[in-house]
> 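Below is a structure I'd like to ask you about.
Every chain is numbered from 1 and lettered A, B, ... according to where its sequence line falls, protein lines coming before strand lines.
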There are 2 protein chains.
Amino acid sequence: MTDTPTRSKMETPAIYDDLHRKLVTAQFGHGEKLKSEELRQTYGCSANTIREVLFRLSTAGLVAFEEQRGFRARRTSKERQHDLTQFRILLEQEGASLSMKHGDIEWEARLSAAHHKISHIESEVRRAGTVVHVLALWSNAEWEFHDTLISACQSPLLRETYKTIYDQFRQQLVSRDTNYGYYIENIEEHRAILEAALARDEPSCRKHIRDHLARNMLN
Amino acid sequence: MTDTPTRSKMETPAIYDDLHRKLVTAQFGHGEKLKSEELRQTYGCSANTIREVLFRLSTAGLVAFEEQRGFRARRTSKERQHDLTQFRILLEQEGASLSMKHGDIEWEARLSAAHHKISHIESEVRRAGTVVHVLALWSNAEWEFHDTLISACQSPLLRETYKTIYDQFRQQLVSRDTNYGYYIENIEEHRAILEAALARDEPSCRKHIRDHLARNMLN
DNA sequence: ACCTGATTTAATTTTGAAATTATAGCAAAA
DNA sequence: TTTTGCTATAATTTCAAAATTAAATCAGGT
């Protein structure tokens, strides 16, 4: 763990959100032990509250739980990265296809807006040559774009599942934070997805989604 | 809740399994309140242990949780049934396709065996004109068949997600228990899926999976 | 030196009760 | 009769400590 936050008392949902944020931004090392006692002191609550939060995070796939042996930040592996990528491709392709089928002009507008934002941030990254100073902004905007893409699919299950996969995916990608070349390539890919989606060109959209997501496994 | 089980003390995993079983076999009514106090007495443990188990079941999608308002057996609805069905079709089609791609002779053998079992039980149902006396057997065999079908997909994520969806799907299907016509139609459909899978005929397998699962929404 | 087993230490898990919050019942006013 | 507010009841949620279990330390033997 990197920084110790406020020592003030927090409600259970706030603790969940804070730990969730720390996990997907990899402020815990892969496989790092998450001790009840430490977290209890950090958040100023009882061990039981921490336990409950960690349980929820474990079913969200960000934390590994072993009986009588506590909680750890989820470990990464080549196999798991591959699995997450392939599954994310499946869900995003299906979600985008359904959105293209059901989405109205409102959906198109929201998608354009989301693309405008992420595109603007990525242009800044290209100019600055680094992403660190806008990483949190970029991270939110990237999520917004992909979530908006599938937001008209009319399947709550698909959308919820996609979010859990997306979060686990993010958790693996920390080492990429300073490699701004990664973000630069996103600019073209996001535009390709946007244009295919607006044109309701399903095969093209599927292809660009696959290309965009699969590139994450190349190193 | 229908029957009160043993009053003896149970370990947390045993409580989870028992409640899971009761939920997917709909021994709780849809939307029925799950009171900590009652369950605590039933299983001879503290309210906190019950809380922990219900939390796990809520992230498995079988129980609905509302802050400050406790737990309920998940409600059903036409929309949710449709969503579950469509999502299950997506996952099972993808899982079967991948299994056909990666599966070896061992997978074929396991699939044949699983089909033999479910087929045998469904023949019995046809002869007897009712399913109630073998419902538990049938339920396990049906799961075995579908799980084996996707078992060679080489994606733990896909397989785990499929299980959670399958369980939620089961939870909705209780009223069907005495309608044995439903089970009779399964015989042909399971065979069609088996044969397409063994022939590695992906389009045909996808079609039969869709037909088999979609039929559940017709009433 | 290395393995084995007992003891100490540190962690997780369960408990029972206190604190908090929602729900139901009831009375008074519109 | 309906609504509003208060009270009593019942439920959920949090807590601190006890009980349980795993991990680490150390001593004795091979």
> In whole angstrom, give the distance that lies between atom CD of A:E52 and atom P of C:dT15.
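So the two atoms are 16 Å apart, to the nearest Å.
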
> Aromatic ring centroids of B:H116 and B:H190 under 6.0 Å?
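No; B:H190 has its ring centre 6.0 Å or more from that of B:H116.
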
> Can you establish whether the number of heavy atoms outside A:H82 located under 6.0 Å from its atom NE2 is more than 12?
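At most 12 heavy atoms, drawn from other residues, nucleotides or ligands, come within 6.0 Å of this atom.
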
> Taking CG from B:N48 and P from D:dT13, how many angstroms apart are they, rounded to a whole number?
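After rounding, the gap between these two atoms is 11 Å.
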
> Does A:R40 place a side-chain N or O at less than 4.0 Å from the phosphate oxygens OP1/OP2 of D:dA16?
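So the side-chain polar atoms of A:R40 never come under 4.0 Å of the phosphate oxygens OP1 or OP2 of D:dA16.
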
> Would you mind reading off the distance between B:Q41 atom CD and D:dA10 atom P, rounded to a whole angstrom?
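Between P of D:dA10 and CD of B:Q41: 14 Å.
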
> So what does A:S36 hit on the nucleic acid, given a heavy-atom distance under 4.0 Å: a base, only sugar-phosphate, or nothing?
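Here A:S36 touches the backbone only, sparing every base.
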
> Is the phosphate of C:dT14 approached by B:T12 (side-chain N or O, under 4.0 Å from OP1 or OP2)?
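So the side-chain polar atoms of B:T12 do come within 4.0 Å of the phosphate oxygens OP1 or OP2 of C:dT14, strictly under.
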
> Any idea which of D:dT13, C:dT15, C:dT13 is nearest the B:F71 side chain?
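Closest of the options to the side chain of B:F71: D:dT13.
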
> Output yes when at least one side-chain N/O atom of A:K33 is less than 4.0 Å from OP1 or OP2 of C:dA10, else no.
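No.
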
> Tell me the interatomic distance from A:L39, atom CG, to D:dT14, atom C1', rounded to whole angstroms.
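My rounded result for the distance is 17 Å.
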
> Relative to the ring of A:H146, is the ring of A:Y166 parallel (under 30°), tilted (30 to 60°) or perpendicular (over 60°)?
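It falls in the tilted class, 30° to 60°.
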
> Using a heavy-atom cut-off of 4.0 Å across all strands, would you classify B:F65 as base, sugar-phosphate, or nothing?
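The residue B:F65 makes sugar-phosphate contact but no base contact.
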
> Roughly, in whole Å, what's the span from CZ in A:R51 to P in C:dA11?
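Rounded to whole Å, this separation is 16 Å.
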
> Between A:R80 and A:D83, is the closest basic N to carboxylate O distance under 4.0 Å?
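Salt bridge between A:D83 and A:R80, a charged N being under 4.0 Å from a carboxylate O: no.
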
> Evaluate the criterion salt bridge (Lys or Arg N to Asp or Glu O under 4.0 Å) for residue pair A:K163 and A:E160; output intermediate values, then yes/no.
CA-CA 5 Å; A:K163 169 143 184 62; A:E160 285 160 22; over 6 Å; no

> Measuring to OP1 and OP2 of D:dT13, would you say a side-chain N or O of A:T49 lies under 4.0 angstrom away?
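Answer is no, no contact under 4.0 Å.
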
> Can you check the A:E37 CD to D:dC15 C1' distance for me, whole Å?
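To the nearest whole Å, that distance equals 14 Å.
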
> Report the nucleotide, chosen from C:dT13, C:dG16, D:dA11, that has the shortest atom-to-atom distance to any side-chain atom of B:K35.
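Output: D:dA11.
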
> Check the distance between D:dA24's P and A:R69's CZ and give it to me in whole angstrom.
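It works out to 11 Å between those atoms.
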
> In whole Å, I'd like the distance from the CD atom of A:E11 to the C1' atom of C:dT21.
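Those two atoms, CD and C1', are 12 Å apart.
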
